[in-house]
S.K.: 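This is the structure, below, for whatever I ask next.
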Amino acid sequence: MTNWNGISSTWIGPSTYVRLFENPIFWRVAENNGLLLLSVPVAIVIPLMIAAMLHEHVWGWRFFRSVIFLPTAISWVVIGMVAVRIFSPTGPINSLLGLIGLRYLQTDFLGHQSTALLAVSLTFIWSMVGTNTIIFLTGMSTLDPSIFEAARLDGATRVGMFRMITVPLLKRYFQFSFVITIVTAFTALFSLIFIMTGGGPGYGTTTIEFFVYQQAFDIGQFGTGAMLGVVLFVGLFVVSMVQMRLMRSDD
């Protein structure tokens with residue numbers, strides 16, 4: 001609630017919040033966070049499918065388990081640098097589009113607002129695959145095999161057992177995975193965005209977390225940056241409480 005430039009501060013009260021909520025740039029940044037949340041279910045479902053296949057010990061499952069877990073052992077900076085190459089105009093995606101005759105789809109993915117956030121979202125999903133796969137593999141290893149044996153004797157198919165037994169019994173692991181993924185989407189993408197797009201083009205990939213950095217260290221408005229930190233905390237708390245309420249198991 002101060003106008004603080006890092007050296008001196010002046011008390012201006014809650015009017016800073018009023019100005020913030022009247023700022024269209026803030027709502028543009030908040031919209032980016034909302035769009036990133038749409039990638040959270042994808043970052044949950046894909047690892048769940050992978051974990052189910054690895055749990056069945058498909059051919060080469062040890063090798064694939066190591067490869068899938070690899071992004072978890074790599075820093076966000078390295079992931080961002082790899083993603084920049086992948087989504088560049090001369091990168092593998094554009095080259096593949098050219099090879100299959102879809103040259104009209106070739107573009108600078110990180111140079112346009114319509115595709116830059118999508119590129120960040122896809123990179124975020126890939127980076128979460130290892131973590132969430134390990135979470136679901138851990139959950140599946142705790143399930144009682146006798147339940148599945150009884151289901152097989154009753155004529156249940158693999159798909160039926162997965163849908164009716166495995167998924168319901170993994171409810172707590174779903175809850176933990178959702179919390180981890182949402183917290184990451186809100187508070188851990190700074191390095192990724194900084195390397196890939198710098199928040200641009202325009203404010204196309206700027207999240208509230210990155211907006212804190214821009215206001216405090218690019219412009220020197222440390223008071224505004226601190227206020228945005230409070231807004232980020234409240235928003236993350238509300239989203240987490242809502243999803244925990246929705247996934248709370250019945251006693």
Side-chain angles (χ1 to χ4, degrees), residues 33-76 78-79 82-83 86 92-93 96 118 120-189 192 236-251:
N33 271 102
L35 292 174
L36 276 175
L37 283 180
L38 297 178
S39 65
V40 169
V42 182
I44 300 295
V45 172
I46 292 178
L48 176 64
M49 299 295 104
I50 294 174
M53 290 187 288
L54 293 178
H55 186 66
E56 293 294 329
H57 291 180
V58 297
W59 181 85
W61 66 276
R62 287 188 175 89
F63 169 75
F64 289 114
R65 182 178 61 181
S66 301
V67 171
I68 290 166
F69 188 71
L70 183 62
T72 307
I74 301 175
S75 73
W76 287 102
V78 175
I79 292 175
V82 172
I86 291 175
I93 294 181
L96 179 62
L118 176 62
V120 172
S121 298
L122 292 175
T123 307
F124 163 65
I125 291 171
W126 176 72
S127 67
M128 292 301 299
V129 165
T131 301
N132 287 330
T133 298
I134 293 300
I135 291 173
F136 289 125
L137 276 175
T138 303
M140 291 175 185
S141 67
T142 65
L143 302 181
D144 187 355
S146 63
I147 300 175
F148 298 93
E149 184 64 28
R152 289 191 191 96
L153 293 175
D154 288 337
T157 63
R158 286 180 180 270
V159 175
M161 287 189 293
F162 178 76
R163 184 169 60 90
M164 303 301 295
I165 299 176
T166 303
V167 171
L169 291 178
L170 290 177
K171 194 168 187 177
R172 289 297 182 186
Y173 293 89
F174 273 104
Q175 185 177 16
F176 179 69
S177 180
F178 266 107
V179 171
I180 291 296
T181 307
I182 288 175
V183 169
T184 301
F186 269 87
T187 64
L189 296 186
L192 190 67
L236 180 59
F237 179 81
V238 170
V239 172
S240 298
M241 289 298 103
V242 169
Q243 70 90 22
M244 289 181 67
R245 167 71 79 174
L246 293 175
M247 298 193 66
R248 180 178 298 172
S249 60
D250 297 329
D251 294 332

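Reckoned from all heavy atoms, side chains included, excluding hydrogens, waters and symmetry mates.
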S.K.: May I have the step-by-step check of side chain to side chain contact (heavy atoms under 4.5 Å, CB included) for Val82 and Ile74, ending in yes or no?
M.R.: CA-CA 11 Å; Val82 172; Ile74 301 175; over 6 Å; no

S.K.: Within a strict 4.5 Å, meaning less than it, do heavy atoms of the Thr133 and Phe69 side chains meet?
M.R.: no

S.K.: Supply the atom-to-atom distance Phe162 CZ to Phe148 CZ, rounded to the nearest 0.5 angstrom.
M.R.: 9.5 Å

S.K.: Please enumerate all residues that pass ring-ring contact (aromatic ring centres under 6.0 Å, His included) together with Phe136, with sequence neighbours excluded.
M.R.: Phe174

S.K.: Just so I know, are the side chains of Thr123 and Ile86 near enough to count as touching, which here means a heavy-atom distance under 4.5 Å?
M.R.: no

S.K.: Return the CD1 to CG distance between Ile93 and Leu122, rounded to the nearest 0.5 Å.
M.R.: 7.5 Å

S.K.: State, with a plain yes or no, whether a side-chain heavy atom of Leu36 is found less than 4.5 Å away from one of Phe186.
M.R.: no

S.K.: Mind checking the CD1-CD1 spacing from Ile125 to Ile44? Nearest 0.5 Å is all I need.
M.R.: 10.5 Å

S.K.: Looking at CG of Leu170 and CG of Leu143, how far apart are the two atoms once the value is rounded to the nearest 0.5 Å?
M.R.: 5.5 Å

S.K.: Closest approach of Val42 and Pro47, non-hydrogen atoms and distance?
M.R.: O-CD, 4.0 Å

S.K.: Pick one: which of Leu37, Leu38, Asn33 meets side chain to side chain contact (heavy atoms under 4.5 Å, CB included) with Leu35?
M.R.: Leu38

S.K.: Can a donor-acceptor pair be found, under 3.5 Å and without considering hydrogens, that links the side chain of Asp154 to the backbone of Ala156?
M.R.: no

S.K.: Are Ile180 and Met128 close enough that some pair of their side-chain heavy atoms sits under 4.5 Å apart?
M.R.: yes

S.K.: Check Phe124 against Leu192 and note the closest heavy-atom contact, atom names and distance.
M.R.: N-CD2, 4.3 Å

S.K.: Given side chains that start at C-beta, do those of Thr181 and Ser177 come closer than 4.5 Å, heavy atoms only?
M.R.: yes

S.K.: Taking all heavy atoms of Ile165 and all of Pro168, pick out the closest pair and write down the distance.
M.R.: O-CD, 3.3 Å

S.K.: Could you grab the distance from atom CG of Leu236 to atom CD1 of Ile182, nearest 0.5 Å is fine?
M.R.: 8.0 Å

S.K.: How long is the span from the CE atom in Met161 to the CD atom in Glu149, to the nearest 0.5 Å?
M.R.: 9.0 Å

S.K.: Is any side-chain heavy atom of Thr131 closer than 4.5 Å to one of Thr184?
M.R.: no

S.K.: Kindly indicate whether the side chain of Leu48, heavy atoms from C-beta on, has any atom under 4.5 Å from the side chain of Met140.
M.R.: yes

S.K.: May I ask you to check whether over 12 heavy atoms, not counting those of Met164, lie within 6.0 Å of atom CE?
M.R.: no

S.K.: Might you point out which heavy atoms bring Thr187 and Val183 nearest each other, and give the distance in Å?
M.R.: OG1-O, 2.7 Å

